[in-house]
Amino acid sequence: MNPELEALLALQADDNAVMELERRGRELDGRLTVLDRERQAMLEAIERSRQALADEEKRQRELAGKVQDHKHLQERNVAALDAVRKPREAAAAMSQIELTRKVLAQEESDLHGLSSRLQDMRQGLQLQEMELGEADERQRAARDEVAAARAELDRELEQARGKRAESAARVPRATLTRYERIRGRRKSDAVFALRGAACGNCNTAIPLQRRNIIAGGRSIDVCEGCGVLLYAAS
Ligand SMILES: [Zn+2]
């Protein structure tokens, strides 16, 4: 085999090895993204629960304030009833007391309902926080695994890139430039063997005369159909 072609095929193999390692790197990134999203979703759910809890606690404070106000009002109503002398005034004062009593009863019942809802919400929040803790524990193992794979992959990549650089140095400059341009465009193999009388990539028939030149190993030719470099497999 022509040494230029041999160097080119070695380079292509090295490039494919680097590409495969980079693909595995993206796969590891993807696994981390899944873990991050899972955790983020849990954090957001906890934040929503905290906000809902804070809103209800605010309502509870407001309602407790109203109950206090109406209790004071009721004390004044009772004092007013004690002070009246005329029956008509007594009837008015009593109906005021009855009205306030009803309002207070409703508010106290609302407050009671709110308290038990708040208790449920706090328990729910606690559960979510426990689940986050468990998920973190689970994720730690998965993240350790990804980190170990990443470290190993980085070592392999460094080696593969070094090997690739050595191979590239053995390819003549002009051929290397052509190869890299084609590879950059296709993001995959740039050099193909003839398959019978046709390009091994796109199957375009190659005229006999050019085929003979390729087969003679005198030149690494370009396919007019798809633009890859062609060689004759021996
Ligand atoms: Zn082709």
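Residues: numbered from 1 along the sequence shown. Both counts, for ligands and for their atoms, begin at 1 and track the order of listing.
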(request) For Arg210 and Leu208, indicate whether the former's side chain and the latter's backbone hold a donor-acceptor pair under 3.5 Å. (result)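 Not confirmed, Arg210 side chain does not pair with Leu208 backbone.
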
(message) Checking the side chain of His70 only, and the main-chain atoms of Lys66 only, is there a donor and an acceptor separated by less than 3.5 Å?
(response) yes

(request) May I ask you to list the protein N, O or S atoms found at less than 2.8 Å from the Zn ion (ligand 1)? (result)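 Protein N, O or S atoms closer than 2.8 Å to the Zn ion (ligand 1): Cys199 SG, Cys202 SG, Cys223 SG, Cys226 SG.
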
(message) Go through it in stages, so that I can follow the logic: the residues are Arg170 and Glu4, the test is salt bridge (Lys or Arg N to Asp or Glu O under 4.0 Å), and I'd like the CA-CA distance, side-chain angles, deciding distance and then a yes or no.
(response) CA-CA 8 Å; Arg170 282 194 285 271; Glu4 180 179 347; over 6 Å; no

(message) For the CZ atom on Arg23, are there more than 12 heavy atoms of other groups (residues, nucleotides or ligands in this structure) within a distance under 6.0 Å?
(response)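 Yes, because the 6.0 Å sphere around CZ of Arg23 holds more than 12 heavy atoms from other groups.
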
(message) Are more than 12 heavy atoms, taken from residues, nucleotides or ligands other than Glu57, located less than 6.0 Å from that residue's CD atom?
(response)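 More than 12 heavy atoms, drawn from other residues, nucleotides or ligands, come within 6.0 Å of this atom.
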
(message) Can you tell whether the side chains of Arg143 and Asp36 come within less than 4.0 Å, N to carboxylate O?
(response) yes

